Amino acid sequence: LNDDRERVINAGVFFQEALNWNDRLFLTLGLRVDGNSAFGENLGLQRYPKASAAYVVSDHAFWPTTWWETFKLRAALGESGKAPGAFDAVRTWRPVAGEEGQPAVTPDQVGNPDLGPERTREFETGFESSMFDGRLTLDVTYFNTVTDKALVPVTYAPSQGFLDTQLENIGQIRNRGVEVSVNAGLVRTSAVDWRARLNYSGMESEVEDLGGQEVLIGNRNYAIEGYPLPSFFGRKITNPDEIAEPVIEEGAFIGPSFPNRIIGVGTNLVLFGNLTFDALGEFQRGGYLANWIGYQNALRGVWKLCMETQAKLRRAAAGDASALNDVTALERAKCAIDRTKQDADFWTQPSDFFKLRNVSVTYDLPQQWIPGGRSASFTLSGRNLLTRTDYDGLDPESTDRRDDPFGRREYYQLPSFRTLQASLRVSF
């Protein structure tokens, strides 16, 4: 029987004031003050201020509202905090069996009376605009987020008697990027209404300070100063495309764990007011994924993409050196038949892709087809109908690390299903 109980108390107060000048300038000022029982004993209340402003430029008389209806500038600056765990600030002990089986304890966590929240400060600015009688709308945002005093597990000298890591507020992480949303009415007539939309997100992440630490935060995912958070590090083939034996760099940066460019494209087409077509697709690029399905099955000699290469490696091992005349260094490493030369790091690869997320067609049935009913519609829809990628696993988005927000590994889990659905909806 195991019984774990945690009691965390968080109390705070929040103030906010909204100001409006001439229905054109809008200001919001706020302050939150928090206390938390998980803070170290030397830490007091924490203050998180915020301020935002918006200005409707298109309300001025000089604005060409005949074709450019609205234009609003906006900016905001604010802070937030993330408290540590219930016992992260206190010294803890681990029960062990002592001499002759007597109950005893051994040092576990050293404790940190100055441990406080992880603080995040974000600045964002941008604008919203509408033109050509609403046919074109544009929303652009730039953001710059700095996480200061990040909670980082630090390893102390073993001579202190504490072998476990202890959280300290030493990290600094920066995320910045641009988000753009465009909606356009391409055709608008009595018979045809065709609209399109585009969403773009470009993000850059960097660990700026970790107090010299290199922190493992997921399955072969690390936080290391000067690199995106998180990133894959490990053994890397430096001559992947050469017809040669692999040259391996130890502890190398392989790539960021998550994509840094996401583009969503969609369209909506209505014909004659009763036939509607919708489609949504998405591009993602910049991220890496560990293909452990391929790695494990290559070890067993049953991975289809390695079978030909492994046959050539066996011929070479039997004395036929010419068998490797067209086998690259990366193929020799990934599909090695000598288990001492195989490594999951060689299977960490770019996971760029395009997916057709959703497609649907809806037909509004004539009312005379539904006696006694007010309306009816028939819909055919599909999800995950198409994927285009160079990733050689099953799904470039999948991961088995559901309990680990930073881990990225595809390992014997089912990819997203392709589904087709037909539905009839009638209202009376």
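Hydrogens, waters and symmetry mates are skipped; everything else that's a heavy atom, side chains included, is used. Computed from a predicted model, the values in this text were never measured in an experiment. The chain is numbered in sequence order, starting from 1.
Taken from OG1 in Thr348 to CG in Asp343, the straight-line distance is 8.5 Å, to the nearest 0.5 Å. If you take SG on Cys306 and CD1 on Ile337, they are separated by 11.5 Å, rounding to the nearest 0.5 Å. In this structure, the separation between CD on Glu242 and CD1 on Ile237 is 11.5 Å, given to the nearest 0.5 Å. Within the model, atoms CH2 of Trp303 and CG of Asn291 stand 5.0 Å from one another, a figure rounded to the nearest 0.5 Å. Of the inter-residue distances, the one linking Leu330 atom CG with Phe346 atom CZ reads 9.0 Å to the nearest 0.5 angstrom. Atom CZ of Arg339 is separated from atom CG of Leu299 by 5.0 Å, given to the nearest 0.5 angstrom.
No more than 12 heavy-atom neighbours from other residues, nucleotides or ligands sit within 6.0 angstrom of CD on Glu308. Around atom CZ of Arg383, no more than 12 heavy atoms belonging to other residues, nucleotides or ligands sit under 6.0 Å away. In Asp390, the CG atom is not crowded: 12 or fewer heavy atoms of neighbouring residues, nucleotides or ligands sit closer than 6.0 Å. Environment of CH2 in Trp292: crowded, with over 12 heavy atoms of neighbouring residues, nucleotides or ligands closer than 6.0 Å.
Leu77 places a side-chain heavy atom less than 4.5 Å from the side chain of Arg121. Residues Gln349 and Lys334 form a side-chain contact, since some pair of their non-hydrogen atoms from C-beta on lies under 4.5 Å apart. In this structure, the side chains of Tyr222 and Ser231 stay at 4.5 Å or more apart for every pair of heavy atoms. In this structure, Ile293 and Leu394 have side chains that are in contact, with non-hydrogen atoms separated by less than 4.5 Å. No side-chain heavy atom of Thr309 sits under 4.5 Å from any side-chain heavy atom of Lys312. Residues Phe283 and Pro259 fail the side-chain proximity criterion, which asks for heavy atoms closer than 4.5 Å. Between Glu397 and Thr387, every side-chain heavy-atom pair lies at or beyond the 4.5 Å cut-off. Side-chain contact check for Arg261 versus Tyr200: some heavy-atom pair is nearer than 4.5 Å.
The aromatic ring centres of Phe123 and Phe143 sit 6.0 Å or more apart. Aromatic ring centres of Phe353 and Tyr391 lie farther apart than the 6.0 Å criterion allows.
Side-chain contact of Asn175 with Ser205: a donor-acceptor pair under 3.5 Å is present, judged by distance alone. With hydrogens and angles left out, the side-chain atoms of Gln46 and Arg32 include no donor and acceptor closer than 3.5 Å. A donor and an acceptor atom, one from each side chain of Asn144 and Arg174, are located under 3.5 Å apart. Side-chain contact of Ser129 with Trp68: a donor-acceptor pair under 3.5 Å is present, judged by distance alone. Side-chain contact check for Asp364 and Ser377: no donor-acceptor pair (N or O, by modelled atom type) lies under 3.5 Å. Counted by atom type alone, Thr362 and Thr379 present one or more donor-acceptor pairs between their side chains at under 3.5 Å. Remark: the Ser398 side chain and the Glu410 side chain contain an N/O donor-acceptor pair separated by less than 3.5 Å.
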For this session: Applying side-chain contact (heavy atoms from CB on, under 4.5 Å), run through Arg220 and Asp345 and close with a yes or a no.
Result: CA-CA 8 Å; Arg220 306 196 183 203; Asp345 290 344; 2.7 Å; yes
Problem set entry | Check against side-chain contact (heavy atoms from CB on, under 4.5 Å), Ile243 and Val327 | CA-CA 6 Å; Ile243 306 300; Val327 181; 5.9 Å; no
For this session: Please step through ring-ring contact (aromatic ring centres under 6.0 Å, His included) for the pair Tyr227 and Phe253, ending with a clear verdict.
Result: CA-CA 8 Å; Tyr227 292 93; Phe253 170 67; 4.9 Å; yes
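Asp209 meets the side chain to side chain contact (heavy atoms under 4.5 Å, CB included) test with Gln172, Glu225; sequence neighbours excluded. For Leu424, the side chain to side chain contact (heavy atoms under 4.5 Å, CB included) criterion is met by Leu365, Phe378, Val426, not counting sequence neighbours. Here Lys82 pairs with Glu118 under the side chain to side chain contact (heavy atoms under 4.5 Å, CB included) rule; sequence neighbours left out. For the side chain to side chain contact (heavy atoms under 4.5 Å, CB included) test, residues two or more places apart in sequence or in another chain that qualify with Thr189 are Val187, Ala191, Val192.
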Mind listing the side-chain donor-acceptor pairs of residues 130-139 below 3.5 Å, one per line with the distance, residues two or more places apart or on another chain?
from: Ser130; atom 1: OG; to: Glu69; atom 2: OE1; distance (Å): 3.2
from: Asp139; atom 1: OD1; to: Arg74; atom 2: NH2; distance (Å): 2.5

Scan the side chains in residues 272-281 for donor-acceptor partners under 3.5 Å anywhere in the protein, sequence neighbours excluded, and list what turns up.
from: Asp278; atom 1: OD1; to: Asn268; atom 2: ND2; distance (Å): 2.9
from: Asp278; atom 1: OD2; to: Asn268; atom 2: ND2; distance (Å): 3.2

